K.L.:
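A single structure is presented below for examination.
Note that the coordinates shown come from a computational prediction; the quantities given were computed from them, not determined experimentally. Counting starts at 1 for both ligands and their atoms, in listed order.
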Amino acid sequence: MATHFSSSAPPALLGRDSLQTLIVALRDEGYTVIGPRLEDAAIVYAPLESADALPIGWDDQQDGGTYRLVRSDRDALFDYVVGPHSWKRYLYPPRQRLWQSQRHGKGWRIKESQETSSPYAFIGVRSCEIHALQIQDRVFDNGAFADPGYVARRQQAFIVAVNCARPAGTCFCTSMNTGPRTTQGFDLCLTELIDEQRHDFLVEAGSAKGAALLSKLPHRPAPADDLTQAETITTAASKAMQRAMVPEVSALLKRNPEHPRWQEVAQRCLSCANCTQVCPTCFCSTVEDVTELGGQTAERWRQWDSCFTIDFSYIHGGSIRRETRSRYRQWLTHKLSSWHDQFDTSGCVGCGRCITWCPVGIDLTEEARAIQDGEGGT
Ligand code: SF4
Ligand code: SF4
């Protein structure tokens, strides 16, 4: 988790073939390696046995309500940007048993669920996603209310970051100060250097365990030109970004709770909750108690929920947010404004997933801009 590490080791170079060595080294250290895989016409995060299973030569084209994989003109391993999955599904699983109980005489014996999986190593974590992990740390590990399962999984996780070589059409991390260059929060960080003559990775160690693992991989010193090339790659990705969040959005939304734009967006929004399910920071959940018909055992499960469901705000005989207008406003103002009051950070990292996976292409940067443009208007 957030440990400070000051490495005197200069960035190194790994050959393309060393990616497989990295995966094997992580497995040898007891990690379950999770990485990008092509499944069901999308790039998802799934167990990764081999570097050959990475989405070699695939790009993703993204826009509001649109996601399409296309073959690229080179065999890069990490040319795609981000897909519908985020790492939260491993640290904060979509469905999780919290406890089981067994009838015992006239009472019940409660057994808390124990962690069963080995620690995770995540390969291909983007800068915005590292920021998203750190935002979820404030939710699940904030001292007063810590989730022990999340904390254990997060503390043990090994993060292999990858710098973005291009933005997706829906990214706006530059305007959120969350990317595209990865600067902290990783154990190892890779920048893919690929052209007709070469295919290497510039690798930086960001923690003691990252440096220890790097020492086991075949690597060589990186020449100064490669450092410049890596810098150029992320600078170009930043310049190519097509979307941006308006400045001072938190105060803007606080000033405009009754802006007519909330009603306009509600006429398009389907209240489907897709945006909250793909968002790497959303954390709403519900609990479900399950009893076995014989009455001998009972279980409590936690599963992801969404502020877009009408039941989510059901309190004492009624839902507080009955209209789509109030549910969309709740989501956007929480993400971009009241999250600051609650967790001292934005709840958005500019990954663009909610724009891509919204079936009607609602774009939060556009909504914020419309409120800014029409501020005080009717
Ligand atoms: S609100 Fe949208 S852009 Fe922001 S972090 Fe969530 S999914 Fe990404
Ligand atoms: S904004 Fe889009 S993704 Fe989110 S609930 Fe509305 S229609 Fe669904």
Side-chain angles (χ1 to χ4, degrees), residues 45 60 62-67 81-89 92 125-139 164 167-180 241-246 249-250 253 261-284 304-313 321-340 342-343 345-371:
Y45 298 149
D60 45 8
Q62 303 193 39
D63 203 343
T66 302
Y67 177 94
V81 186
V82 290
H85 280 185
S86 67
W87 306 102
K88 86 174 179 186
R89 68 173 33 250
Y92 164 50
V125 185
R126 306 309 173 109
S127 178
C128 64
E129 299 187 299
I130 288 176
H131 284 267
L133 294 174
Q134 291 168 338
I135 289 172
Q136 286 221 315
D137 291 344
R138 290 173 186 240
V139 175
C164 289
T170 50
C171 294
F172 55 99
C173 65
T174 300
S175 63
M176 302 302 289
N177 289 322
T178 55
M241 216 157 290
Q242 296 163 28
R243 283 172 159 85
M245 179 54 73
V246 298
V249 65
S250 172
L253 297 184
R261 186 72 184 193
W262 300 119
Q263 189 53 41
E264 286 171 38
V265 69
Q267 282 164 5
R268 288 183 291 140
C269 175
L270 308 172
S271 238
C272 68
N274 264 19
C275 47
T276 53
Q277 301 305 286
V278 295
C279 179
T281 66
C282 277
F283 60 89
C284 288
W304 291 359
D305 202 347
S306 168
C307 54
F308 276 98
T309 66
I310 196 142
D311 281 353
F312 193 74
S313 67
R321 293 187 281 270
R322 289 169 180 269
E323 301 168 347
T324 302
R325 170 182 176 271
S326 29
R327 296 204 286 279
Y328 187 85
R329 182 178 59 186
Q330 155 64 25
W331 181 66
L332 201 70
T333 54
H334 190 207
K335 283 272 130 191
L336 299 174
S337 186
S338 52
W339 207 295
H340 285 277
Q342 202 176 359
F343 300 113
T345 175
S346 171
C348 174
V349 297
C351 71
R353 286 179 174 91
C354 58
I355 306 172
T356 299
W357 298 95
C358 172
V360 291
I362 292 172
D363 173 346
L364 74 173
T365 66
E366 207 177 292
E367 295 312 309
R369 186 159 298 109
I371 289 175

K.L.:
Could you give the distance from CD (Gln277) to OG (Ser306), rounded to the nearest 0.5 Å?
P.N.:
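The distance works out to 5.5 Å.
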K.L.:
Are any of the side-chain heavy atoms of Cys279 and Lys335 separated by less than 4.5 Å?
P.N.:
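A side-chain contact exists here, since the closest heavy-atom pair is under 4.5 Å.
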K.L.:
For atom 4 (Fe) of ligand 1, what's the nearest protein heavy atom and its distance?
P.N.:
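Here the nearest protein heavy atom works out to Cys348 SG, 2.4 Å.
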K.L.:
Are the side chains of Tyr45 and Val125 in touch, meaning some heavy atoms are under 4.5 Å apart?
P.N.:
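A side-chain contact under 4.5 Å is absent here.
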K.L.:
Could you tell me the residue and atom name of the protein heavy atom closest to atom 5 (S) of ligand 1, and the distance to it rounded to 0.1 Å?
P.N.:
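Answer for atom 5 (S) of ligand 1: Val349 N, 3.3 Å.
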K.L.:
If you round to the nearest 0.5 Å, how far is OG1 of Thr309 from CZ of Arg327?
P.N.:
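Rounded to the nearest 0.5 Å, the CZ-OG1 separation comes to 7.5 Å.
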K.L.:
Can you measure from OG1 (Thr66) to CH2 (Trp357) and round to the nearest 0.5 angstrom?
P.N.:
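The distance works out to 10.0 Å.
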K.L.:
Would you call the rings of Trp304 and Tyr92 parallel, tilted or perpendicular if under 30° counts as parallel and over 60° as perpendicular?
P.N.:
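Rings of Trp304 and Tyr92: tilted, 30 to 60°.
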K.L.:
Pull out every atom of ligand 1 sitting under 4.0 Å from any heavy atom of Lys335, numbered as shown with elements.
P.N.:
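Answer, ordered by atom number: 1 (S).
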K.L.:
Nearest 0.5 Å, what's the OG-NE2 distance between Ser346 and His334?
P.N.:
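Nearest 0.5 Å value for the OG-NE2 distance: 10.5 Å.
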K.L.:
What's the shortest distance from atom 6 (Fe) of ligand 1 to any protein heavy atom, and which residue and atom give it?
P.N.:
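In this structure, atom 6 (Fe) of ligand 1 has Cys279 SG, 2.4 Å as its nearest protein heavy atom.
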K.L.:
How many angstroms lie between atom CD1 of Ile135 and atom CH2 of Trp339, to the nearest 0.5 angstrom?
P.N.:
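Rounded to the nearest 0.5 Å, the CD1-CH2 separation comes to 7.0 Å.
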K.L.:
By number and element, which atoms of ligand 1 are closer than 4.0 Å to a non-hydrogen atom of Phe172?
P.N.:
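Every atom of ligand 1 under 4.0 Å from some heavy atom of Phe172: 3 (S).
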K.L.:
Counting C-beta onward and ignoring hydrogens, is there a side-chain heavy-atom pair between Pro280 and Lys88 closer than 4.5 Å?
P.N.:
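Sidechains of Lys88 and Pro280: no contact.
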K.L.:
Could you grab the protein N, O or S atoms closer than 2.8 Å to atom 4 (Fe) of ligand 2 for me?
P.N.:
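Only Cys275 SG fall inside 2.8 Å of atom 4 (Fe) of ligand 2.
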K.L.:
For atom 8 (Fe) of ligand 1, which protein heavy atom lies nearest, and how many Å away is it?
P.N.:
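Ranking protein heavy atoms by distance from atom 8 (Fe) of ligand 1, first comes Cys351 SG, 2.3 Å.
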K.L.:
How close does the nearest protein non-hydrogen atom get to atom 3 (S) of ligand 1, and which residue and atom is it?
P.N.:
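The answer is Gly352 N, 3.2 Å.
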